[in-house]
Amino acid sequence: MPPQRRFNKPGPSWNKIRALVLKRDDGMCRRCGEPAKEVHHVVAGRNDLENLISLCVPCHRFMQRQRDKPRVTPTAEETAKQDNGRQNG
C-alpha cells in the first residue's frame, strides 16, 4: 500500500474550515449521501470553501485513488487513429 500523502494544514484554522465544510454539507457525503467524516480537496492544496467537499471514509479513499492514478495523454498518432475510426464507423 503506498504511503498516504499529507497536506500541511494549520491546526486550529484547518479545524475551523473542516467544521464549516461538514456543516455546509449537512454532515453528509457529497458523493454517496452517507454520513461524512472527512473533508476532501478537489484541487490539492487549496483550502477555500469552494474547493472542499465532505466525504465518507470509503468515498474519500476512492477519490484519493482516482487522484493518484497515472494520467496518460494519447500521442498525436493515437488521437488521429481514434478520429479516423469515428469517421469510418
Side-chain angles (χ1 to χ4, degrees):
M1 179 179 270
Q4 284 190 325
R5 289 183 304 183
R6 290 280 180 209
F7 295 101
N8 293 330
K9 300 180 187 106
S13 64
W14 170 251
N15 291 337
K16 288 179 186 176
I17 292 168
R18 182 181 179 281
L20 285 170
V21 173
L22 290 168
K23 183 175 180 175
R24 177 198 67 198
D25 296 340
D26 296 321
M28 303 306 283
C29 177
R30 296 271 300 269
R31 188 166 177 271
C32 74
E34 292 294 317
K37 300 268 188 227
E38 300 185 356
V39 172
H40 175 71
H41 290 83
V42 177
V43 176
R46 289 184 27 215
N47 285 342
D48 51 294
L49 294 177
E50 295 79 25
N51 185 52
L52 300 168
I53 58 172
S54 300
L55 293 175
C56 65
V57 173
C59 286
H60 197 202
R61 286 185 186 143
F62 173 82
M63 296 297 286
Q64 290 302 117
R65 282 193 308 271
Q66 295 300 95
R67 177 181 286 164
D68 293 340
K69 280 185 180 178
R71 305 263 190 307
V72 178
T73 305
T75 65
E77 185 177 290
E78 291 169 329
T79 303
K81 283 181 186 176
Q82 289 174 353
D83 291 342
N84 286 338
R86 286 187 200 125
Q87 291 171 0
N88 296 330

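Side-chain atoms of His40 and Arg30, non-hydrogen and from C-beta on, never get closer than 4.5 Å to each other. Within the 4.5 Å cutoff, the side chain of Val39 has no heavy atoms near those of the Ile53 side chain.
The nearest pair of heavy atoms linking Met28 to Gly33 is CE-O, 2.6 Å. Closest of all the heavy-atom pairs between Cys29 and Ala36 is N-CB, 3.6 Å.
Side-chain atoms of Asn51 never come within 3.5 Å of backbone atoms of His41 as a donor-acceptor pair (strictly under, hydrogens ignored). The backbone N or O of Leu49 sits less than 3.5 Å from a side-chain atom of Arg24, completing a donor-acceptor pair.
The OG atom of Ser54 sits 8.5 Å away from the CZ atom of Arg18 when rounded to the nearest 0.5 Å. The line from SG of Cys32 to CG of Leu55 is 8.0 Å long, rounded to the nearest 0.5 Å. With values rounded to the nearest 0.5 angstrom, Leu22 atom CG is found 10.0 Å from Leu52 atom CG. Here the CD atom belonging to Glu34 is positioned 6.5 Å from the SG atom belonging to Cys56, to the nearest 0.5 angstrom.
A side chain to side chain donor-acceptor pair (under 3.5 Å) with His60 is found for exactly one of Arg65, Lys37, Glu38, namely Glu38.
Cluster membership check: Met63 does not share its hydrophobic cluster with Val57, using side-chain heavy-atom separations under 4.5 Å among Ile, Leu, Val, Met, Phe, Trp and Tyr.
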